[in-house]
Amino acid sequence: QVQLVESGGGLVQAGGSLRLSCAASGRTFSSYSMGWFRQAPGKEREFVAALRWSGTSTYYADSVKGRFTISRDNAKNTLYLQMNSLKPEDTAVYYCAASRHYVSDYKGYDAWGQGTQVTVSS
């Protein structure tokens, strides 16, 4: 099973940008569809974006559409989330996850990273 480690979180002002990375171990990374989720204090885990294993399809939550971009580099076994025009409501712990299916439901994901904190100040 693939193992995932996120990085790239931090503190940024509203309107700024961050790029999250998710490093995957194992030789099967390219066969997984990948997703990003986030969880703010006191709230449920929320879907952010998904990318089909082939890289041909992406899907975004309405709240981030047009601002966030999910991508992958299979040669580097790495998933990315480019976040632009950040808002205070984007503040959360961000998780990457791997799935054998192209889904937005967190229950469809088999492996999770430990999370990276993103804080957006107003």
Side-chain angles (χ1 to χ4, degrees):
Q1 184 170 334
V2 66
Q3 294 183 326
L4 306 170
V5 178
E6 302 96 336
S7 62
L11 174 64
V12 63
Q13 289 188 332
S17 298
L18 281 176
R19 188 176 80 158
L20 305 184
S21 298
C22 172
S25 64
R27 299 179 180 179
T28 58
F29 172 72
S30 61
S31 67
Y32 283 90
S33 291
M34 300 296 295
W36 285 98
F37 292 78
R38 66 187 182 186
Q39 189 166 19
K43 295 188 177 181
E44 293 186 351
R45 190 164 297 193
E46 175 188 26
F47 168 76
V48 175
L51 175 62
R52 191 183 292 274
W53 67 270
S54 61
T56 56
S57 297
T58 56
Y59 180 64
Y60 296 92
D62 287 344
S63 58
V64 307
K65 200 173 296 183
R67 300 188 298 122
F68 290 11
T69 302
I70 186 172
S71 62
R72 69 193 300 163
D73 185 336
N74 287 339
K76 296 182 177 180
N77 274 14
T78 303
L79 177 74
Y80 302 100
L81 184 69
Q82 178 66 44
M83 304 186 296
N84 299 328
S85 302
L86 283 161
K87 305 175 181 180
E89 51 263 44
D90 294 319
T91 296
V93 177
Y94 283 71
Y95 300 88
C96 66
S99 174
R100 290 296 188 182
H101 308 285
Y102 180 51
V103 294
S104 61
D105 187 338
Y106 75 92
K107 297 177 183 177
Y109 286 78
D110 308 305
W112 292 83
Q114 83 290 347
T116 186
Q117 177 70 47
V118 171
T119 303
V120 184
S121 63
S122 57

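Just the heavy atoms: all of them, side chains too, but no hydrogens, waters or symmetry mates, feed the values below.
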- Item | M83 and V12: CA distance, side-chain angles, deciding distance, side chain to side chain contact (heavy atoms under 4.5 Å, CB included) verdict | CA-CA 11 Å; M83 304 186 296; V12 63; over 6 Å; no
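- Residues meeting the salt bridge (Lys or Arg N to Asp or Glu O under 4.0 Å) test with R45, sequence neighbours left out: none.
- Every pair tested for disulfide (SG to SG under 2.5 Å) that includes a residue from residues 25-86 fails, sequence neighbours excluded, so the list is empty.
- Residues passing the side-chain contact (heavy atoms from CB on, under 4.5 Å) test with V93 are Y95, Q117, sequence neighbours excluded.
- Aromatic rings of Y59 and F47 (six-membered ring for Trp) have centroids within the 6.0 Å cut-off, being under it.
- Taking each heavy atom of T78 and S21 in turn, the nearest pair found is CG2-CB, 4.2 Å.
- Here the closest heavy-atom approach between residue Q1 and residue D110 is recorded as NE2-O, 2.8 Å.
- Atom OG of S99 is separated from atom CZ of R52 by 11.0 Å, given to the nearest 0.5 angstrom.
- Within 6.0 Å of CD on Q114 lie more than 12 heavy atoms contributed by other residues, nucleotides or ligands.
- The stretch residues 28-70 participates, sequence neighbours left out, in no disulfide (SG to SG under 2.5 Å) pair at all.
- Listed by chain and residue number, D90 satisfy the side chain to side chain donor-acceptor pair (under 3.5 Å) test with R67 (two or more places apart in sequence, or in another chain).
- Using modelled atom types, one finds a donor on one side chain and an acceptor on the other under 3.5 Å when comparing S31 with R100.
- Under the 3.5 Å distance criterion, the side-chain polar atoms of Y32 are left unmatched by any main-chain donor or acceptor of A97.
- In terms of hydrophobic clustering, with Ile, Leu, Val, Met, Phe, Trp and Tyr side chains grouped at heavy-atom distances under 4.5 Å, L79 and Y60 are assigned to a common cluster.
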- Full working for side chain to side chain contact (heavy atoms under 4.5 Å, CB included) between F68 and L18: CA-CA 10 Å; F68 290 11; L18 281 176; over 6 Å; no
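- Hydrophobic clustering places V118 together with V48 (ILVMFWY residues linked when any side-chain heavy atoms are closer than 4.5 Å, directly or through intermediates).
- Evaluation of the salt bridge (Lys or Arg N to Asp or Glu O under 4.0 Å) rule for E89 yields no partner, not counting sequence neighbours.
- When every heavy atom of A98 is checked against every heavy atom of V2, the shortest pair comes out as CB-CG1, 3.6 Å.
- The disulfide (SG to SG under 2.5 Å) pairs that include a residue from residues 43-73 number zero, where partners must be two or more places apart or lie in different chains.
- Within the model, atoms CD1 of I70 and OG of S57 stand 11.5 Å from one another, a figure rounded to the nearest 0.5 Å.
- Within the 4.5 Å cutoff, side-chain heavy atoms of V64 are placed close to those of R38.
- Although no hydrogens or angles enter the test, the distance criterion places a donor-acceptor pair under 3.5 Å between the side chain of T91 and the main chain of V120.
- In this structure, S122 has no side chain to side chain donor-acceptor pair (under 3.5 Å) partners at least two apart in sequence or on a different chain.
- Looking at residues two or more places apart in sequence or on another chain, you find no salt bridge (Lys or Arg N to Asp or Glu O under 4.0 Å) involving K107.
- Atom CG in L81 sits 11.0 Å away from atom CG in L51 (nearest 0.5 Å).
- Between L86 atom CG and S121 atom OG the span is 10.0 Å, to the nearest 0.5 Å.
- For the ring-ring contact (aromatic ring centres under 6.0 Å, His included) test, no residue two or more places apart in sequence or in another chain qualifies with F29.
- Legend: residues meeting ring-ring contact (aromatic ring centres under 6.0 Å, His included) with Y106, ordered by chain and number and at least two apart, are absent.
- When every heavy atom of N74 is checked against every heavy atom of W53, the shortest pair comes out as ND2-O, 4.4 Å.
- Sequence neighbours left out, the pairs with a member in residues 12-102 that pass disulfide (SG to SG under 2.5 Å) are C22-C96.
- Between R72 and S33, the shortest heavy-atom distance links the atoms NH1-CA, 4.3 Å.
- Between Y94 and E6 there is no side-chain heavy-atom pair separated by less than 4.5 Å.
- Relative orientation of the F37 and W112 rings is tilted, given thresholds of 30° and 60° on the angle between their planes.
- Across all non-hydrogen atoms, the minimal contact from L20 to W36 is CB-CH2, 3.7 Å.
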